[in-house]
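Structure provided below as structure tokens; questions to follow.
Letters go in sequence order (proteins before strands), and every chain restarts at 1.
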There are 2 protein chains.
Amino acid sequence: MKLTSKGRYAVMALADLARFDNINPVSLRDISLRQGISLDYLEQIFSKLRKKEIVQSVRGTQGGYILNKKAKEIKLTNIFDAVDEKVKTVQCKKDSKKGCNGKSTKCLTHNLWDELENHINNFFEKKSLEDLVKENTERRI
Amino acid sequence: MKLTSKGRYAVMALADLARFDNINPVSLRDISLRQGISLDYLEQIFSKLRKKEIVQSVRGTQGGYILNKKAKEIKLTNIFDAVDEKVKTVQCKKDSKKGCNGKSTKCLTHNLWDELENHINNFFEKKSLEDLVKENTERRI
DNA sequence: TATATACTTGACTATTTTAGTCAGGTTTAT
DNA sequence: ATAAACCTGACTAAAATAGTCAAGTATATA
Ligand code: FES
Ligand code: FES
């Protein structure tokens, strides 16, 4: 089970964004340099974040992105959802009544994986961008 | 983040094994048929489980595998560890002082991913094969 | 108004990982 | 003897990931 770069980068970039006030836009170029993430890749990621209204774009010179909500209201769930980083533990289709490998019933472990998925998603629902920024500024003091 | 088939299959197969007493070996062929998992793939998986002493093999006709410990003592952690299904949330080398993307310090989100990794591993450390079997027999009643 | 900065989009590609397959063994109960 | 079942290593197809690349459009500012 591993976290993909896309998900990690999305959160890294937003954490970077969240450190600034929500007035002056931050350019992807700056984030790219500070966080060491490819600019082109960041653009893909922010395109998705914008469509899900997590960030707002400001075009033109001095443009960039700003958060579209308060950092407190942006949970990891929202971020991961926006960039299609999803937790997937079962093999079967979730809503179907069939099990994995085309079986007619759910397998012995199906319930376990469901529990696991919930366990992980709980974490993502609790954590907000604000938590992340706070933790970091505190550590710096 | 997704669970790989190897990990899922390992647990499925052991759950199947655990339903029987620990005296008569269960052949991989049977598990393969019951669980719909390729026999050749199962053999790879059980080779690793045997090396980590989670199962014992009985060769020859009527042979197969039996659990090497009590179901209660086999945690998901042990199983995943045996088949190299590991939780990996950070990009940087864990012990190194360098951050991800070769940076000289840990990134803004490093701590968060560490927490996440612990959160997930906690789940694996708590759950045993016994829990899994119990849950299933109970549901059948 | 010219220009540079920075967002926007879609297609393309290399790399890595996963999920197996395949071919050849060895052991042992019957 | 023979068939069932374990054992091993090498190989491979497919999928997912992690990008790159190219060709735009919008706008602040000099
Ligand atoms: S994971 Fe849902 S049936 Fe096996
Ligand atoms: S994940 Fe460890 S430094 Fe970024």
Side-chain angles (χ1 to χ4, degrees), chain A residues 1-13 17 23-66 68 80 83-89 91 100-102, chain B residues 1-13 17 24-52 54-66 68 80 83-89 91 100-102:
Chain A
M1 301 206 82
K2 60 172 181 263
L3 187 68
T4 66
S5 287
K6 189 155 60 176
R8 192 184 301 106
Y9 288 168
V11 178
M12 276 172 76
L17 240 186
I23 299 161
N24 301 315
V26 178
S27 73
L28 291 190
R29 193 172 159 280
D30 285 355
I31 297 181
S32 163
L33 290 173
R34 274 197 294 263
Q35 307 298 332
I37 305 171
S38 141
L39 179 57
D40 282 317
Y41 204 19
L42 274 179
E43 272 165 357
Q44 281 185 41
I45 291 169
F46 273 76
S47 161
K48 296 183 178 197
L49 292 173
R50 190 175 59 79
K51 278 173 191 151
K52 291 290 174 110
E53 299 179 325
I54 290 172
V55 295
Q56 251 185 359
S57 70
V58 179
R59 301 187 72 152
T61 320
Q62 304 299 324
Y65 288 90
I66 55 175
N68 197 27
F80 282 165
V83 299
D84 308 306
E85 168 93 27
K86 35 185 171 274
V87 179
K88 188 168 191 297
T89 57
Q91 187 166 44
C100 44
N101 301 329
Chain B
M1 302 205 81
K2 60 171 181 269
L3 187 68
T4 66
S5 286
K6 189 156 60 176
R8 192 183 303 104
Y9 289 168
V11 178
M12 278 172 75
L17 238 186
N24 300 314
V26 177
S27 75
L28 291 190
R29 192 171 160 280
D30 285 355
I31 297 181
S32 164
L33 290 173
R34 274 197 295 264
Q35 307 297 334
I37 305 169
S38 140
L39 178 59
D40 282 317
Y41 204 19
L42 275 178
E43 271 166 357
Q44 279 184 41
I45 292 169
F46 272 76
S47 160
K48 294 183 178 194
L49 292 173
R50 189 176 59 78
K51 277 173 192 153
K52 290 292 173 106
I54 290 172
V55 295
Q56 250 184 0
S57 69
V58 179
R59 301 188 72 152
T61 319
Q62 304 298 325
Y65 287 91
I66 54 176
N68 198 27
F80 281 165
V83 300
D84 307 306
E85 169 92 27
K86 37 185 168 273
V87 179
K88 187 167 190 296
T89 58
Q91 186 165 45
C100 44
N101 301 328

(message) What is the separation between atom CZ on B/Phe80 and atom P on C/dT18, rounded to the nearest whole Å?
(response) 13 Å
(message) How many whole angstroms separate atom CD1 of A/Ile45 from atom C1' of C/dT8?
(response) 15 Å
(request) Starting at atom OH of A/Tyr41, determine the distance to atom P of C/dT13, rounded to an integer number of angstrom. (result) 18 Å
(request) Measure from CG on A/Leu42 to P on C/dC7 and round the result to the nearest Å. (result)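 Atom-to-atom, A/Leu42 to C/dC7, this comes out as 10 Å.
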(request) Please state how far atom CG in B/Asp40 lies from atom P in C/dG24, giving the value in whole angstrom units. (result) 14 Å
(request) Give a yes or no on whether the backbone of A/Leu39 and the side-chain of A/Arg29 come within a donor-acceptor separation of less than 3.5 Å. (result)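 Between the backbone of A/Leu39 and the side chain of A/Arg29 there is no qualifying donor-acceptor contact (under 3.5 Å).
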(request) Indicate, with a heavy-atom threshold strictly under 4.0 Å, whether B/Tyr65 touches base, sugar-phosphate, or nothing. (result)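 Result for B/Tyr65 = sugar-phosphate.
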(message) Within the 4.0 Å heavy-atom criterion, would you say B/Lys48 contacts the bases, only the backbone, or no part of the nucleic acid?
(response) nothing
(request) First locate atom CE of B/Met12, then atom SG of A/Cys100, and finally report the distance between them rounded to the nearest 0.5 Å. (result) 4.0 Å
(request) Using only side-chain N and O atoms of B/Ser38, determine if any of them is under 4.0 Å from OP1 or OP2 of C/dA19. (result) no
(request) Using atom CZ of B/Arg8 as one end and atom C1' of C/dG20 as the other, report the distance to the nearest whole Å. (result)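 Nearest whole value for this atom pair: 14 Å.
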(request) Quickly work out the A/Arg29 CZ to C/dT8 P distance and round it to whole Å. (result) 18 Å
(message) Ignoring hydrogens and geometry beyond distance, is the side chain of B/Gln44 in donor-acceptor contact with the base of C/dT21 at under 3.5 Å?
(response) yes
List, one per line, each side-chain donor-acceptor pair under 3.5 Å for residues 30-38 of chain A, sequence neighbours excluded.
residue: A/Ser32; atom: OG; partner: A/Ile37; partner atom: O; Å: 2.8
residue: A/Arg34; atom: NE; partner: A/Asp16; partner atom: OD1; Å: 3.3
residue: A/Arg34; atom: NE; partner: A/Asp16; partner atom: OD2; Å: 2.9
residue: A/Arg34; atom: NH2; partner: A/Asp16; partner atom: OD1; Å: 2.8
residue: A/Gln35; atom: NE2; partner: A/Asp16; partner atom: OD2; Å: 2.6
residue: A/Ser38; atom: OG; partner: A/Asp40; partner atom: N; Å: 3.3
residue: A/Ser38; atom: OG; partner: A/Tyr41; partner atom: N; Å: 3.1

(request) Rounded to the nearest 0.5 Å, what's the gap from CD on A/Glu85 to OH on A/Tyr9? Could you check? (result) 12.5 Å
(message) What is the separation between atom OH on B/Tyr9 and atom C1' on C/dA19, rounded to the nearest whole Å?
(response)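 After rounding, the gap between these two atoms is 8 Å.
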(request) At the 4.0 Å heavy-atom cut-off to chain A, mark where contacts on DNA chain D begin and end, going 5' to 3'. (result)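 On DNA chain D, the outermost contacted nucleotides are D/dT17 to D/dA28.
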(message) Return the OG1 to CE distance between A/Thr4 and B/Met1, rounded to the nearest 0.5 Å.
(response) 9.0 Å
With a cut-off of 3.5 Å and sequence neighbours excluded, list every side-chain donor-acceptor pair involving residues 45-60 of chain A.
residue: A/Lys48; atom: NZ; partner: A/Asp84; partner atom: OD2; Å: 3.1
residue: A/Gln56; atom: NE2; partner: A/Asn68; partner atom: OD1; Å: 3.4

(request) Between A/Val58 and A/Lys2, just flag the one whose closest nucleotide in DNA chain C comes earlier from the 5' side. (result)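 The residue mapped nearer the 5' terminus is A/Val58.
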(request) Can you check whether any acceptor in the base of C/dT26 is under 3.5 Å from a donor in the side chain of B/Arg59, or vice versa? (result)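 Answer is yes: a donor-acceptor pair is held.
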(request) Starting from the 5' end of DNA chain C, give me the residue, A/Ser47 or A/Gln62, whose nearest nucleotide shows up first. (result) A/Gln62
(request) Please report the closest heavy-atom contact between B/Val11 and B/Phe80, naming both atoms and the distance. (result) CG2-CE2, 3.8 Å
(request) Return the nearest nucleotide to the side chain of A/Glu43; candidates are C/dT18, C/dC7, C/dG20. (result)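 Out of C/dT18, C/dC7, C/dG20, the nucleotide with an atom closest to A/Glu43's side chain is C/dC7.
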